[in-house]
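These notes concern the structure reproduced below.
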Amino acid sequence: MRGRSGSPDGVGSSLGWFILMLARAGGGRVAASGPGWVRAGRWVGVAVLLGVGCGAVATAARVSVREARGLVALVEAGDPVWMRMVVRDDPRAARGSVGRPPTYIVAVDLEAVRAEGAGGLRLSARALVLGSDPGWRGLLPGQRVTAKGKLLPPRGGDLRAVVASVREAPALVGRPSWAQRAAGVLRAGLQRACEPLPDLPGGLLPGLVVGDTSRLDPGLEEDFRTTGMTHLNAVSGANVAILLGVVLFAVRRTRAGPVVTAVVCAVALVGFVILARPSPSVVRAAAMGAIGLIGLASGRRRAALPALAAGVAVLIVADPELASDAGFALSVLATSGLLLLAPVWRDGLRRRGCPAGLAEALAVPAAAQVACGPVVAGLSGTISIVAVPANLLAVPAIAPATLFGVTAAVISPVWPAGAEFAAWLGHWPAQWLVLLATYGARVPAGALPWPGGLTGALLLAVITVGLLIATRRPLIRKLVTVVALGGVLGALPVRLLASGWPPPGWVVVACAVGQGDAIVLPAGAGRAVVVDAGPEPNAVDHCLRRLGVRQVALFVVSHFHADHIGGVAGVIRGRDLRGVVGPDWPEPPAGRAAVAEAAGRVPVHAVGAGWTYAVGGLRLTVLGPVEPLRGTNSDPNNNSLVLRAEVDGRTILLPGDAETEEQEDMLDHLGPGAVRADVLKVSHHGSSYQSPRFIDEIRPSVALVSVGLGNDYGHPNVPLMARLSRGGARVLRTDQSGDLAAVATGRGLAVVARGDPPRP
């Protein structure tokens with residue numbers, strides 16, 4: 001599955017290379033020959049009808065299990081049930097809310113279900129377990145377990161039969177197969193071999209080789225996604241292609257026949273799939289690779305497109321859920337592009353004097369990117385101009401990193417020192433990939449905005465097909481090339497030099513972090529004070545990157561709710577943190593502990609009313625809480641730090657999530673003049689728990705609302721927004737306009753919206 005990035009899935013790209021290689025090895029080449037258009041159209045129609053029929057039967061079989069009367073009755077009853085199941089894939093840890101342990105997501109095959117005091121139900125159905133106990137973490141695929149939990153209905157469109165919520169540890173029944181136990185030993189050995197390595201490449205290498213991303217830095221993972229290299233974060237067809245390519249080359253050097261070559265490659269393929277685990281991307285790669293091996297063994301000339309089509313058909317019939325899997329669509333499109341476009345572009349470059357290796361290296365990522373562009377644009381709402389060069393530069397590092405990593409895993413049980421040495425060798429090409437992702441993610445204007453969703457995907461698909469057809473004529477091809485280069489060379493410098501963000505003279509920025517707060521105040525070149533961190537790390541990290549913040553002079557926590565401190569790791573990520581302060585209020589304790597843990601050696605100081613801080617032309621004053629408030633609608637909210645900031649003669653009021661009680665208390669103790677400000681960060685995401693007198697006394701020129709798109713709290717409150725507008729404030733919301741900056745100008749205050757509201 002792809003994230004919001006701009007590159008195709010690596011499975012398709014690599015398998016395109018491998019299928020072409022297999023076709024050549026078997027004496028064939030990719031060709032596009034066949035009957036006339038009429039006859040071809042008839043066969044296409046027959047194929048479509050056959051596919052629809054097979055897909056309908058397979059889907060109906062899965063739905064019939066999900067809708068079975070006995071299983072539905074157990075789900076509706078909501079009582080605890082006993083389950084016997086077989087683990088299908090490695091458990092994945094989903095990040096829990098702040099201060100809570102992760103939830104382990106485990107794909108299983110249900111074999112039996114029994115409610116207390118009732119008869120058992122035998123079945124064969126796919127399910128998803130949400131396990132709270134760490135005992136789920138170390139399970140291996142193929143392990144049979146029993147557990148007690150509650151059955152929940154699957155989400156709409158999900159062909160799984162049920163979702164099981166389990167609080168207790170599973171009880172093991174027997175042992176996994178010897179193959180899975182061996183794979184577990186090798187994967188653990190690879191992790192041990194990578195432990196002495198630097199954190200970033202050491203966490204990436206197991207992901208490159210076997211898909212183990214347990215040590216992968218979240219910031220690096222986001223950089224890979226932004227740069228369009230996310231397919232390298234986990235095992236994919238790249239690994240299959242590289243491994244089989246090396247095996248094929250070695251076997252062919254012995255002058256072995258096609259059958260022997262295919263058998264050796266098949267053994268290597270099975271071994272690698274077991275090592276990497278049968279995840280969807282690996283199964284797709286193995287299935288299409290197996291079809292190519294059959295062609296190699298037969299010694300016949302086979303076209304790669306029929307092999308691809310057969311693989312797709314078999315996989316969708318076996319697993320109908322793939323029909324709605326964006327990652328699967330990207331794999332198929334990437335491979336199709338490599339089979340249809342890459343050979344033509346490669347040959348065209350070679351005819352113009354380009355060396356063979358360079359021509360193929362240029363044609364492959366370009367063809368994959370063009371073919372996958374519409375789907376990627378629909379998913380991400382952007383068109384990446386960094387993905388093709390980044391993936392091109394990554395090509396030389398993928399093979400050595402994979403081969404050294406596989407070597408480290410294989411020899412780890414018998415020669416740990418040798419495994420560490422192999423991992424050390426592999427970490428150098430992995431380090432190159434880290435550098436590419438890190439710097440590629442920071443390229444200004446690396447991703448151009450594009451309409452998202454189905455509309456954007458169809459629009460780009462029509463444009464792409466039209467250009468591919470039109471450019472078959474030399475004159476139109478030259479015209480398109482000139483226009484495209486002119487547009488890039490003309491627009492890109494303007495976008496780079498006058499991107500408009502951050503706007504000059506900004507005095508405060510409200511980051512678009514979803515349903516939460518993250519406010520940035522300037523404190524000098526590359527330095528800022530950050531107030532709150534939003535609910536998750538990546539959003540606030542990206543906001544600070546866009547502002548060029550390298551040092552956080554002070555991180556202020558208004559209060560310790562998750563939507564204000566969940567992203568603290570993103571504030572600190574790659575930055576120099578100088579200080580942390582928060583309210584002297586103990587609740588919630590898990591939030592305070594999470595901030596202290598993230599801050600590490602930087603202590604968290606409790607501050608209260610009257611505390612002041614000054615740095616780089618910025619002055620902060622804590623106004624409230626004047627005294628601790630208890631028994632309110634929400635004590636943590638009503639003991640939020642309320643800050644008054646002064647930047648370049650402008651005043652900014654940051655009331656955290658202070659509600660009516662704290663607002664009224666400040667007015668009573670400090671008077672209306674203390675809260676008056678030019679810019680107001682509206683309290684509590686614009687909730688209705690606001691004192692009208694407090695809002696009126698602030699008299700802001702600008703009101704910024706940090707709120708999440710599509711939140712189910714009813715934020716912001718419409719009458720509150722209307723009251724602010726009637727008072728003369730210009731009201732803007734992060735869910736509608738993205739990052740918001742209040743800017744001091746010669747004529748007063750202005751507001752600049754970056755225009756990138758996050759998706760829910």
Side-chain angles (χ1 to χ4, degrees), residues 507-508 510 515-519 531-532 558-559 561 563-564 583 585 608-610 620-646 650-709 711-737 740 742 748-749 751 753:
V507 296
V508 61
Q515 185 67 11
D517 271 11
I519 308 299
V531 182
D532 291 331
S558 67
H559 63 298
H561 276 161
D563 57 335
H564 290 251
W585 186 257
L620 284 178
T621 303
V622 175
L623 301 181
V626 178
E627 57 187 20
L629 298 175
R630 295 179 174 84
T632 66
N633 178 63
S634 170
D635 286 353
N637 285 349
N638 280 302
N639 285 277
S640 292
L641 289 183
V642 178
L643 303 173
R644 178 186 172 98
E646 299 177 32
R650 304 291 178 176
T651 53
I652 303 106
L653 186 66
L654 306 175
D657 275 3
E659 296 180 349
T660 307
E661 294 93 335
E662 185 176 4
Q663 294 172 2
E664 289 286 348
D665 188 64
M666 281 193 300
L667 288 176
D668 293 341
H669 284 85
L670 304 178
V675 301
R676 203 151 292 155
D678 300 313
V679 180
L680 168 66
K681 193 286 299 183
V682 179
S683 179
H684 201 183
H685 324 296
S687 80
S688 60
Y689 297 109
Q690 311 272 349
S691 163
R693 185 165 68 105
F694 181 78
I695 296 297
D696 294 341
E697 293 295 350
I698 297 172
R699 303 178 190 174
S701 300
V702 172
L704 306 178
V705 186
S706 183
V707 63
L709 182 65
N711 71 87
D712 53 7
Y713 300 101
H715 298 165
N717 178 259
V718 175
L720 174 65
M721 299 297 99
R723 190 180 194 96
L724 285 165
S725 297
R726 287 196 304 270
R730 184 179 179 190
V731 183
L732 286 95
R733 301 161 42 173
T734 57
D735 63 334
Q736 295 178 343
S737 304
L740 302 171
L749 278 174
V751 185

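The shown structure was predicted, so the numbers you read here are calculated from the model rather than taken from an experiment.
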Worksheet, complete the sentence: Tightest non-hydrogen contact, residues Asn717 and Ser687, listed as CB-C, 4.0 Å
Practice prompt. Please examine the side chains of Leu740 and Thr734, heavy atoms only from C-beta on, and report whether any two atoms are closer than 4.5 Å.
Written response: yes
Discussion item. If you apply the rule side chain to side chain contact (heavy atoms under 4.5 Å, CB included), what do you find for Val531 with Asp517, and how did you get there?
Written reply: CA-CA 8 Å; Val531 182; Asp517 271 11; over 6 Å; no
Worksheet entry | Heavy-atom check, side chain of Val626 versus side chain of Met666, under 4.5 Å | yes
Worksheet item: Do Pro655 and Leu680 touch side chain to side chain, with heavy atoms closer than 4.5 Å?
Response: yes
Worksheet item: Hey, does Asn637 have a side-chain heavy atom less than 4.5 Å from the side chain of His561?
Response: yes
Discussion item. Between Leu720 and Val682, does the side chain to side chain contact (heavy atoms under 4.5 Å, CB included) criterion hold? Intermediate values first, please.
Written reply: CA-CA 10 Å; Leu720 174 65; Val682 179; 4.1 Å; yes
Worksheet item: What's the shortest heavy-atom distance between Glu662 and Ser640, and which atoms?
Response: OE2-O, 2.7 Å
Worksheet item: Is the number of heavy atoms from other residues, nucleotides or ligands within 6.0 Å of CZ (Phe694) greater than 12?
Response: yes
Fill in: Closest non-hydrogen atom pair, Asp563 against Gln515
CB-O, 3.3 Å
Worksheet item: Has the side chain of Asp678 got a donor or acceptor atom that lies under 3.5 Å from a matching backbone atom of Arg650?
Response: no
Discussion item. In the structure I gave you, are the side-chain heavy atoms of Val642 and Leu653 within less than 4.5 Å of one another anywhere?
Written reply: yes
Discussion item. Classify the ring geometry of Tyr713 against His715: parallel below 30°, tilted from 30° to 60°, perpendicular beyond 60°.
Written reply: parallel
Worksheet, complete the sentence: Correct closest heavy-atom pair for Pro700 and Ala729 would be O-CB, 3.3 Å
Item to complete: Kindly say whether Thr660 contributes a backbone atom to a donor-acceptor pair with the side chain of Ser691 at under 3.5 angstrom?
Response: no
Worksheet item: Thr651 versus Arg676: any side-chain heavy-atom pair under 4.5 Å?
Response: no
Discussion item. Checking the side chain of Asn638 only, and the main-chain atoms of Ser634 only, is there a donor and an acceptor separated by less than 3.5 Å?
Written reply: yes
Fill in: For the student: nearest non-hydrogen atoms of Ala609 and Leu623, plus distance
CB-O, 3.8 Å
Worksheet, complete the sentence: Separation between CG (Leu667) and CD (Glu664), nearest 0.5 Å, reads 6.0 Å
Worksheet item: Say you draw a straight line from OH of Tyr689 to CD of Glu661; how long is it, rounded to the nearest 0.5 Å?
Response: 9.5 Å
Worksheet item: Quick one: does Asp635's side chain have a donor or acceptor within less than 3.5 Å of a partner on Thr632's backbone?
Response: yes
Practice prompt. Quick one: closest heavy-atom pair of Ser706 and Ala518, and the distance?
Written response: OG-N, 4.4 Å
Fill in: Expected output: side-chain Arg733 to main-chain Val707 donor-acceptor under 3.5 Å
no
Worksheet item: So, Asp657 versus His564: side-chain donor-acceptor pair below 3.5 Å or not?
Response: yes
Worksheet item: Below 4.5 Å, heavy atoms only, C-beta onward: do Glu627 and His669 meet side chain to side chain?
Response: yes
Discussion item. Would you say Asn711 and His685 are linked by a side-chain donor-acceptor pair, where the criterion is simply a distance under 3.5 Å?
Written reply: no
Discussion item. Between Asn639 and His559, do the side chains contain a donor N or O and an acceptor N or O under 3.5 Å apart?
Written reply: no
Discussion item. Would the distance check show the side chain of Gln690 and the main-chain N or O of Ser683 forming a donor-acceptor pair, the cut-off being under 3.5 Å?
Written reply: yes
Worksheet item: Is any side-chain heavy atom of Leu704 closer than 4.5 Å to a side-chain heavy atom of Val508?
Response: yes
